[in-house]
Amino acid sequence: MKPTTLLKQSLFLLLMSTVACMQPSKPKKTDTTKIPVKGVIQAELTSPPNVPKPVGNREATKQIVKMEVIETIGTMADGVEYIYWTFGGTVPGSFIRGRVGDEIEFHLMNHPNNKLPHNIDLHAVTGSGGGASSSFVAPGHEVQFSFKLLNEGIFVYHCATAPVGMHIANGMYGLILVEPEGGLPPVDREYYVMQGDFYTKGKYGQPGLQPFDMGKAVDETADYVVFNGSVGALTGNNALTAKVGEKIRLFVGNGGPNLVSSFHVIGEIFDKVHVEGGSLINENIQTTLIPAGGATIVEFEINVPGKLILVDHSIFRAFNKGAIGIINVDGEENHTVYTGKQMEGIYQPEGQTIQNMPDEKTVTELKATSVSERMKYGKQIYDRACFACHQPNGEGMAGVFPPLANSDYLNTDVNRAINAVLHGLTGEVIVNGKKYNNVMPSQVLSDEEAANVLTYVYQSWGNSKKEVTPEMVKSIRNK
Amino acid sequence: MSRFLLLILLLVFTQTVRAQKPMARIEGGAFAPLFGTTNQLVTVASFFMDETPVTHAEFLDFVKTYPEWRRSTVLRLFADQNYLKTWESDTTLGKNLNPNAPITNVSWFAASAYAKSVGKRLPTTDEWEFVAMASRDNKDARKDSLFNVSILSWYETPNTFTQSIRRTEPNFWGVFDLYGLVWEWTEDFNSVLLTGESRGDVDSNNTLFCGGGAVGASDLMNYAAFMRFAFKGSLKAHFAVQNLGFRCVKSEKES
């Protein structure tokens, strides 16, 4: 061998090895269209916030999915109803779970009583319209089509019947998960959360059956931005649960139709985020963007007990339009991770009614004629204006927001409580022997509304059962 | 022989009763339908339209006279399994059905046969749309946002097919219930097509194929009409659907 040839060869080898070093070692991409399918199973479909069991290391199979479209009246918020169009009776629709290589035989049934034709576009489908062109179905009919899951990831599905925006705005979306061969790494809990924006004739909280408002939808001015289809779908008794030490995985979608979500969990950092629901994994993320018609998988380990709060960090949506959810975490305190006493730097949520300088007047509407009516109206205001800080059952948040349940601060002086609601409260207070130093903004409420919400608080959670009247509020306001 | 005569008389009589369903005269005119451009007006000749949709009671008379349109005898080619499925039997409605509610679960073939039996026909889509663009006070209320909102709100409301006809106020022409109760068959229901994949329709050169994207439509905000066309696009002539009925029309020159 001539020396020059040797030199050339070694140079070539060197070059090759450099190139090889620059490429991250990736498993060779297999042709997923060729993965053989074994057996047939009825697909397990679940309503939110639950997900079907993981695929584990099962082989690719044929799954039969039966999805029914149901148009139905549901609750958007306390006292507010809305006509939802749904996949499987819920918003978001039933969760579908499979693995790469699975073949899905999809049956779309349109309930006979429905008014409209519907179809389905699954972003996990490789093919015309994502299935939409094969699944257009009149009320009282059923269609069937099949597809193979070629790409892993978390995908949105939605209705794509004209007018498409309206079908999505009324709740026709959900998620389909395609796990890799061997499944996603096991975790302790998985949940299904999906954001959506809604456009109603009346403003946020206006009671009654609220029709869809096409004008607002076109202008993209949402009245409601919510998780899982309604205000309160993930709070109070519907809150998610977890335990200290557990690994949590959330499948989070965004149905839109218009708004992009800045998804954030107050009190946690995502250890892992599947960026845009795909194979790229990012780590140590505070807030992740979820586009309309997109989804993501976030994972985190829980270190301390308390409440984790899911929000769209476009934050007025959280506190004024409903985009709020809660994970209640039980378990042992870990003071190394979180002392529970620091108040600096904690994000300070605001109330949900419009807040303003104390002198402005607002319009009154409902007049309660009995204590029980006062309770009813008061609860609606509480759930709108107070619960974000003081929590659904007045338990407050240790060290940050004082409790309203069994509160000596309230029960010893009703005028002081009225004053706090009307004018806000700043600085150090002692409630049930514990010090709090924070700011409560003044609430723009009428005499009637303030009386109702205070009566609700006083009649609830072991307080002194006092009735606060509009006259009492008025006398404090005029001082 | 006399029995035969009686039967003939009875036939003529029932036909007359059904034919006497009140009709409103529609003065013909030109309009720009949803699909097309505003400089391509469609002309509609004067005609008469049933003031209300055909009811269960009226359709019951029809199947009593024409046994081939009974539930148990109708050919599957002409009506699917849902045909008249809410009726108690071939010739009884049953206690739970409101005889004055619009007939639904009828196929296009059955609706056409009914119309023929009373000397009428189904309206064309153009005729139906021409009458249906009128509000109480206006021949063409399509630019009236409140009118559009009220139609949309009906299209969103489930289970209105059990209500009696003639409960809402009549429109400009004196026609009732074009909105509020049920969808209605038209003679050429499948001539304006939204394909199942309505978003793809935008690209099509054929002006008849335009849907959710609405690029080819003359009035972008006429979402109510989109829903109507989408609905019709999902149908086949033998389908019988819970929310779908019909009414008849008659051309002026024939009568």
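Values in this document were obtained by computation on a predicted structure and should not be read as measured data. Letters go in sequence order (proteins before strands), and every chain restarts at 1.
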Any side-chain heavy atom of A/T161 within less than 4.5 Å of one from B/F231? no
Is a donor on one side and an acceptor on the other found under 3.5 Å between the side chain of B/N243 and the backbone of A/L116? no
Under 6.0 Å from the CD atom of A/E68, do we count more than 12 heavy atoms belonging to anything else shown? yes
A quick test of your reading: do over 12 heavy atoms of other residues, nucleotides or ligands sit less than 6.0 Å from NZ of A/K201? no
Counting only N and O atoms by type, is there a donor-acceptor contact under 3.5 Å from the side chain of A/K115 to the main-chain atoms of B/W154? yes
Under 4.5 Å from any heavy atom of chain B - which part of A/N114: backbone
Residue, of A/S135, A/P211, A/P112, A/G131, that accumulates the most heavy atom pairs under 4.5 Å with chain B: A/P112
Checking heavy atoms, do the side chain of A/N110, its backbone, both or neither come under 4.5 Å from chain B? neither
Where B/M227 and A/P163 come nearest, the two heavy atoms and their spacing: CG-CD, 3.3 Å
Where does B/K236 contact chain A at under 4.5 Å (heavy atoms): side chain, backbone, both or neither? neither
Looking at every heavy atom in both B/A230 and A/A162, which two are closest together, and how far apart are they? CB-O, 3.4 Å
Mind checking whether B/D80 and A/H141 have side chains closer than 4.5 Å, heavy atoms only? yes
